[in-house]
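Worksheet: one structure, shown below.
The basis for the numbers below is simple: all heavy atoms, side chains too, and nothing from hydrogens, waters or symmetry mates. Counting starts at 1 for both ligands and their atoms, in listed order.
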Amino acid sequence: MKFGGTSVADLDRIENAARRVAREAEAGNEVAVVVSAMAGVTNQLVSYVDQTSRIYDAREYDAVVSSGEQVTAGLMALRLQEMGISARSWQGWQIPIRTNEVHGKARIEEIPADNLDDRLSQGEVAIVAGFQGISPRNRIATLGRGGSDTTAVALAAALNADRCDIYTDVDGVYTTDPRIVPRARKIEKISHEEMLEMASLGAKVLQTRCVELAMNHGVRLQVLSSFEDLPGTLVVDEDEIVEQQVVSGIAYSRDEAKITLIRVADKPGIAAAIFGPLSDAAVNVDMIVQSVSPDGERTDMTFTVTKTDLDRAVETLKAHADEIEYDQLLADANVVKVSVIGVGMRSHTGVAQTMFQTLSDKGINIQVISTSEIKISTLISEDYTELAIRALHTAYGLDAE
Ligand code: ADP
Ligand code: ASP
Ligand code: MG
């Protein structure tokens with residue numbers, strides 16, 4: 001059982017979550033619980049770091065931002081003990097949850113779960129601090145924002161759990177963010193592949209890596225509400241889904257920025273000259289378009305990076321201006337990536353056309369397009385985020401009755 005930030009936002013909510021845990025334990029289940037920090041705490045910790053050090057040491061960032069989960073794990077264990085349930089808290093290093101060295105965005109490599117397994121079979125409930133593990137050099141490493149989901153699935157895999165239930169503030173995965181589209185519909189079952197795309201294209205209900213782990217380790221994953229007793233959404237293999245929609249969901253990401261290089265030389269090696277230095281500077285490039293050059297000599301190159309990488313990307317491109325040879329560099333952080341996702345796209349035509357027509361009918365200009373087998377993404381002005389998502393949601397027949 002994993003409880004996210006809003007589900008442990010204060011002492012009453014911790015008690016509410018503890019009651020759910022107690023119910024499972026009293027029903028005779030062995031239960032491991034993963035908790036997030038109280039809502040808002042991690043943001044506050046990140047901001048402390050930002051205010052202290054502009055280009056920070058990621059090991060110290062991790063030392064600071066991992067601390068929120070330690071508090072909720074201890075409080076949850078205490079609350080359960082008060083209810084007469086045997087419970088113990090565990091921090092990442094105590095299990096240990098072994099990660100790689102990439103502080104701030106570490107991947108879990110191994111969880112030797114024997115110790116935890118023994119305690120569970122003795123009837124003790126384990127309360128594990130999410131989001132954190134321990135690096136090969138014995139330092140706390142965090143798993144990237146939203147990483148408690150990944151702790152939960154990795155632990156479920158290590159413990160061979162029957163189920164991994166992700167309790168959150170919505171009662172499942174919806175066709176799009178229900179905060180943006182009130183008419184979004186709850187999805188009963190979603191395929192791993194679609195969930196993976198939804199998560200990586202911005203739906204923050206699950207961290208991408210946790211879906212990947214669930215798929216690779218066959219963990220039965222469910223998203224459900226910690227406030228209501230309602231069936232949630234199951235994340236399953238594609239062949240378990242009977243009625244497949246062409247488009248299953250719409251995701252968006254505001255964490256995008258666009259860079260355009262005006263009049264770069266249109267010659268072999270130019271893409272390498274641009275993207276090589278960016279990759280060396282650890283800037284992740286996502287969508288790319290190169291326009292045709294009217295004269296065969298010069299062309300414009302547009303691509304996107306995450307908002308957080310924008311300054312670094314611009315600095316890098318300026319430092320390499322001589323090799324790349326461009327007339328002008330334009331940077332725009334006022335963009336959003338809107339994507340439609342569905343495995344049905346493999347066998348249906350016209351899905352992209354519906355998207356382009358719908359946006360055009362609303363007078364929304366598409367700046368960049370990228371596609372893969374089961375998704376189409378467009379980059380538009382951030383000002384039209386809600387309008388675009390709502391219009392697409394209706395156009396693909398996803399609105400709830
Ligand atoms: P937690 O703190 O429990 O981890 P998150 O805030 O990380 O919760 O994720 C839950 C939020 O994800 C919801 O409140 C909702 O606004 C957002 N969300 C975005 N896309 C979707 C979607 N397709 N379905 C459900 N929730 C979504
Ligand atoms: N507390 C961490 C975060 O806010 C991890 C999580 O909640 O999943 O990113
Ligand atoms: Mg989350």
| Are Asp309 and Arg312 ion-paired here, with the side-chain N under 4.0 Å from a carboxylate O? |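 Result for this pair is yes, salt bridge flagged.
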| request: Look at Asp165 together with Lys2 and state whether they make a salt bridge at an N to O cut-off of under 4.0 Å. | output: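 Salt bridge flag = no for Lys2 with Asp165.
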| field | Under 3.5 Å donor-acceptor, Arg107 side chain and Thr99 backbone | value |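 Not at all, since once roles are kept as given, no pair shorter than 3.5 Å links the two residues.
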| task | State whether the side chain of Asp10 and the backbone N or O of Asp12 hold a donor-acceptor pair below 3.5 Å, judged by distance alone. | result |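 Yes; judged by distance alone, with no hydrogens or angles, the pair exists.
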| Can you find an N/O atom of Thr42 closer than 3.5 Å to an N/O atom of ligand 2? |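 In this structure, Thr42 places an N or O atom under 3.5 Å from an N or O of ligand 2.
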| Below 3.5 angstrom, do we get any N/O pair linking Gly146 and ligand 2? |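 Among all N and O atoms of Gly146, at least one is under 3.5 Å from an N or O of ligand 2.
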Among protein heavy atoms, which sits nearest to [atom], and what does the distance come to when rounded to 0.1 Å?
atom	value
atom 2 (C) of ligand 2	Glu69 OE2, 3.5 Å
atom 17 (C) of ligand 1	Asp177 OD1, 3.8 Å
atom 9 (O) of ligand 2	Arg145 NE, 2.6 Å
atom 24 (N) of ligand 1	Tyr174 N, 2.8 Å
atom 2 (O) of ligand 1	Gly5 N, 3.1 Å
atom 14 (O) of ligand 1	Arg179 NH2, 2.6 Å
atom 11 (C) of ligand 1	Asp169 OD1, 4.0 Å
atom 8 (O) of ligand 1	Thr168 OG1, 3.2 Å

Applying a heavy-atom cut-off of 4.0 Å, say which part of [X] lies close to ligand 1: side chain, backbone, both or neither.
X	result
Lys204	both
Lys2	side chain
Thr176	backbone
Ala251	neither
Val205	both

| query | Does Gly130 come within less than 4.0 Å of ligand 2, judged by its heavy atoms? | reply |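 Heavy atoms of Gly130 never come under 4.0 Å of ligand 2.
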Answer with yes or no whether the side chains of [Y] and [X] bring together a donor and an acceptor at under 3.5 Å.
X	Y	value
Thr142	Gln132	no
Asp361	Gln357	yes
Thr394	Asp399	yes

| message | Is Gly172 close enough to touch ligand 1? Criterion: a residue heavy atom under 4.0 Å from a ligand atom. | response |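 Contact check Gly172 vs ligand 1: positive.
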| request: Check the pair Gln51 / Ser47 against side chain to side chain donor-acceptor pair (under 3.5 Å), numbers first and verdict last. | output: CA-CA 6 Å; Gln51 291 173 57; Ser47 124; 2.9 Å; yes
| Would you say Met198 has any N or O atom under 3.5 Å from an N or O of ligand 1, going by distance alone? |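 No: no nitrogen or oxygen of Met198 is under 3.5 Å from one in ligand 1.
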| message | Taking salt bridge (charged side-chain N to carboxylate O under 4.0 Å, His left out) as the definition, give me every residue that meets it alongside Arg19, ordered by chain and number, with sequence neighbours left out. | response |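 Result, salt bridge (charged side-chain N to carboxylate O under 4.0 Å, His left out) vs Arg19: Glu15.
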| message | I need the single residue from Val33, Leu120, Asn29 that forms a side-chain contact (heavy atoms from CB on, under 4.5 Å) with Val125. Which is it? | response |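 Single side-chain contact (heavy atoms from CB on, under 4.5 Å) partner of Val125 among Val33, Leu120, Asn29: Val33.
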| So Phe275 and Phe303, would you call those rings parallel, tilted or perpendicular, with 30° and 60° as cut-offs? |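 Perpendicular: the ring planes of Phe275 and Phe303 meet at over 60°.
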| Any idea which atoms of ligand 2 are less than 4.0 Å away from a heavy-atom of Ser36? |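 Those of ligand 2 that fall under 4.0 Å from Ser36 are 6 (C), 7 (O), 8 (O).
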